[in-house]
Amino acid sequence: MKLSIAQIASASNGSAIGNPDYIVEHLIIDSRSLFKAENTMFCALHTDAADGHRYIYNMYSQGVRAFLVDNMVCDASNFPDAAFVVVKSVEQAIYAIALQARAALDHVKFIAITGSVGKTVIKEQLFQALYGKVRLQRSPRSWNSRLGVALSITELQPGIDYAIIEVGIDRVGDMARLANLVRPTYGIFMPITDEHFSGFDSIEQKTAEKALLFANCSHVISVGSAQLHANALHSPTTQVDTNLQAVEKMAQLIGVTPNSDTFIPSNRIDVREGVNDCVVLFDSFTNDYRSLISALDFMRRRCTPTRSNTVILSNIFGADSATVINLLYRFGINRVITIGSDSYSDIPSTISLQHFVSVEQFIASVDTNQFSSESILIFGRGLQPIKDILAVPRHDSIMEVNLDALIHNFNYYRSLLQSTTGVIAMVKASAYGIGAVEVAKTLQAQGATMLAVAVIEEGIELRRGGISMPIVVLNPVTGNYKALFNNNLEPSVFSMRELATLVNAAQSCGIDSFNAHIKLDTGMHRVGFTEAELPQLITYLKSSAHIRVASIFSHLATADCPDMNDYTELQLTTFHRMSSAIIEALPYPVKRHILNTAGIMRYPEYQYDMVRLGIGLYGVSPLDTMPGDLRPVATLRSTIISIKHWPAGTTIGYARRGKLTRPSVIATIPIGYADGINRHLGRGAASFVVRGIECPTVGNICMDQCMIDITDVPAAAIGDPVEIYGPQMPVQRLAATLDTIPYELLTAVSPRIHRIYFRE
């Protein structure tokens, strides 16, 4: 896309301020995704969750000179060389700009992909099959939302013949608009399932809505869901069973022979602990330039001052070596290792470059001790062996952490709040057992207001991990106040004794106006100032210059108990009365927060300035009714390491507590009570999932192993994954078996279980 400010203003029915001839080539909606300021327009979206207008100054300071805004909250004279387009709605304007960009691509044949599952995978397979055969581009990663489709089209270049665009919708009424934007020649209709079903009355309605994308296609390829597709489609259609058949048919339609080395891409960027205090990020999604930008953006959001940045990459297509090196330079990469035939020259002095013709040569030539305290991005196809030697060997049991699900849950709860309400994310107890540093990095990038930990050591760990946002310590009683101050951790204060100790420590360290958070006891009756202590507290706060009250808060005891609404409402009333008394007495503004996850859902009228989001962030509802919009973040998996066939009457395990009542196939998995699997889950009390089938435990849970009955899974084999809890076995079910809460199961997982973080 190349449009002038004047053309953008005309297309979006907006008014231009500044240079009308400034050329825009890229649109971004996330200030953190900037990698090239020149010819980039920052689109200041204003949503219920956030207001992009707050980032205009930041974008300008980084070199951006074009802005799409829906109000002029700033004085344009403060940006003398910038251009603004002022519109009624930034989101509507992006769509209008995409229409303008689409008009310049009338010669391009669009291949559109929709369905419930598999859109991104088949898009990548088709792109690989056609690359080099025709001039083509495709939408980046999973940019298939309303905004994602529009932004994908603005990224297309006029020199192509084909564009592959994936399109996703989640409600009735979306597709007609997107179909008008994409206007595909060919279509691929992927299977329809009940995923993301909340916006539709029936699966037939969902199918019909998605089929609108193909209304004017010359041909559609249908993959699975044959009857549903047939009832909804009116274009000429070919039914196939697999992605490979769909790719071959599409290549035939456009008259080319597909490449033979098409592979199934992984839609994940994995984050693993590496050798010698390194962090390894592995992205084998594909090896093109646009995907490299996404991977580098993901890496940048995890950079820390204590680690240098290294990239190991295979041959990159879609850009020459000079463009790739310039990109790496822009992202602050210190060390580059290239694998393959691509050659690089004119390397900036800030980048160290090594080249190997093959993975085998790299492994033979490089010692892992040559890597230390680095963030290492391994990007491209065929580099799995390099990841295997640079990542710390893992236990056969792992916890997979889906950072996309974490972001989804965060945004779900934020959508329930006013745009001015901040979110304090609870990451205490190692983010409920999931891993605090990676979770905190994700939430920091996502725009959380503050993080909350239980003890000072947890806050120090986050600071060492590169977390710069405010951190409140909920149980700060410590003899090491100097560490509290040095790491800029904000303590919660819940007694006059602790308050006096904190003030004395601040005074001795020469610190004034240090942020503290006042905890009130409104009914939990654990810790906190009581109403009788308020006069003394207020007098002390008014007289001390060494601390400043950043917030006042309390904790609800029964927000998740609908049968105790009276008590919750009494707490809310008490908190309002007590906090108001403090606020009225202090000469500066003070924030308030009392709602936890359950409170956010049940008492939104009491959200005040901030809320505290805990268990819901991790995909577990504190209420009996589970919001359909939540997604599980943690999946605990193990692996079958042994399979044995036993006759009826055989006893299994310690104390012979597992007695078989039928001829059975018993699998052993290497996870036990030392890893966090409660012994009360043994002897058939719980089931774990193998190949989609629930398999009951057999005998007692051992320290490092347990046994499950896989008789009903005849295809099961050694090496098969076993889901302890996750999408197929909700952690709530196991918690109910133990008559406890999911918090206990999540936080009980041993540190020896490696956490693997990924984004799709």
Side-chain angles (χ1 to χ4, degrees), residues 1-106 108 139-140 143 145-158 165 173-174 176-183 415 418-420 447:
M1 179 191 82
K2 284 190 177 182
L3 294 174
S4 69
I5 289 294
Q7 289 173 312
I8 289 174
S10 176
S12 59
N13 197 27
S15 56
I17 300 173
N19 181 7
D21 299 322
Y22 186 85
I23 298 298
V24 173
E25 297 180 5
H26 306 283
L27 304 181
I28 63 169
I29 59 176
D30 187 339
S31 62
R32 298 156 296 187
S33 295
L34 179 68
F35 73 95
K36 178 186 176 185
E38 308 95 286
N39 305 112
T40 291
M41 170 175 270
F42 175 62
C43 305
L45 281 172
H46 193 171
T47 68
D48 291 338
D51 184 1
H53 296 82
R54 294 182 297 176
Y55 303 100
I56 291 174
Y57 284 95
N58 175 264
M59 289 286 90
Y60 182 83
S61 68
Q62 295 185 60
V64 175
R65 292 298 179 264
F67 299 91
L68 184 67
V69 299
D70 61 19
N71 60 75
M72 283 305 295
V73 295
C74 52
D75 186 350
S77 64
N78 292 328
F79 308 90
D81 53 347
F84 291 82
V85 176
V86 186
V87 296
K88 290 184 178 179
S89 164
V90 169
E91 181 174 352
Q92 296 292 335
I94 292 173
Y95 176 80
I97 295 166
L99 279 175
Q100 182 85 350
R102 178 65 178 87
L105 299 168
D106 275 346
V108 176
S139 50
W143 288 22
S145 65
R146 287 176 296 169
L147 278 172
V149 171
L151 292 170
S152 294
I153 288 177
T154 66
E155 289 288 314
L156 298 176
Q157 303 301 313
I165 304 291
D174 280 354
R177 192 162 177 257
L178 292 175
N180 181 54
L181 177 58
V182 179
R183 303 198 299 278
S415 73
Q418 299 172 9
S419 60
T420 55

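Predicted model, so just to flag it, every value in this text is computed and none were measured. Along the sequence shown, residues are numbered consecutively beginning with 1.
The distance from atom CD1 of I56 to atom OG of S61, rounded to the nearest 0.5 Å, is 12.0 Å. Distance check: I97 CD1 to L151 CG gives 9.5 Å after rounding to the nearest 0.5 Å. To the nearest 0.5 angstrom, N19 atom CG is 13.0 Å from F84 atom CZ. We find the OG-CD1 distance between S89 and I94 to be 8.5 Å, quoted to the nearest 0.5 Å. The CD1 atom of I28 sits 11.5 Å away from the OG1 atom of T154 when rounded to the nearest 0.5 Å. Atom-to-atom distance recorded for L3:CG and M41:CE is 9.5 Å, nearest 0.5 angstrom.
For Y57 and F79, the ring centers are positioned less than 6.0 Å apart.
Here the closest heavy-atom approach between residue V85 and residue G14 is recorded as CG1-CA, 4.4 Å. Of all the heavy atoms in P80 and Y60, the pair that sits closest is CD-OH, 3.6 Å. What you find for A98 and A150 is that their closest heavy atoms are CB-O, 3.5 Å. Residues S152 and I165 come closest through the heavy atom pair CB-CD1, 4.3 Å. Nearest heavy atom pair, residue A96 against residue A11, reads CB-O, 3.4 Å. A44 approaches V90 most closely through the heavy-atom pair O-CG2, 3.4 Å.
Proximity of M1 to E155: side-chain heavy atoms (C-beta onward) are nowhere separated by under 4.5 Å. V87 has its side chain out of reach of V69: every pair of non-hydrogen atoms, C-beta onward, lies at least 4.5 Å apart. The side-chain heavy atoms of L156 and L105, taken from C-beta on, include a pair separated by under 4.5 Å. Within the 4.5 Å cutoff, the side chain of L45 has heavy atoms near those of the I29 side chain.
Under a 3.5 Å cut-off, the side chain of N39 and the backbone N or O of E25 do not form any donor-acceptor pair. Side chain of R102 to main chain of V182: a donor-acceptor pair is present (N/O by atom type, distance under 3.5 Å, no hydrogens or angles). Checking side-chain atoms of R177 against main-chain N and O of D174 turns up no donor-acceptor pair under 3.5 Å. With hydrogens and angles ignored, the 3.5 Å screen pairs no side-chain donor or acceptor of E38 with any backbone N or O of K36.
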Please evaluate residues L181 and L99 with respect to the criterion side-chain contact (heavy atoms from CB on, under 4.5 Å), reporting the C-alpha separation (whole Å), side-chain torsions for both, the decisive distance (0.1 Å), and the verdict. CA-CA 6 Å; L181 177 58; L99 279 175; 3.8 Å; yes

Derivation and outcome, side-chain contact (heavy atoms from CB on, under 4.5 Å), residues L34 and V64: CA-CA 9 Å; L34 179 68; V64 175; 3.8 Å; yes

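Stacking of R146 on the aromatic ring of Y95 is not recorded, the 6.0 Å distance cut-off and the 45° axial limit not both being met.
Remark: N13 CG is loosely packed, at most 12 non-hydrogen atoms of other residues, nucleotides or ligands lying under 6.0 Å away.
In summary, D70 and K88 do not engage in a salt bridge, as defined by a charged side-chain N under 4.0 Å from a carboxylate O.
Under the 3.5 Å distance criterion, with hydrogens and angles disregarded, no donor-acceptor pair is assigned to the side chains of D81 and Y22.
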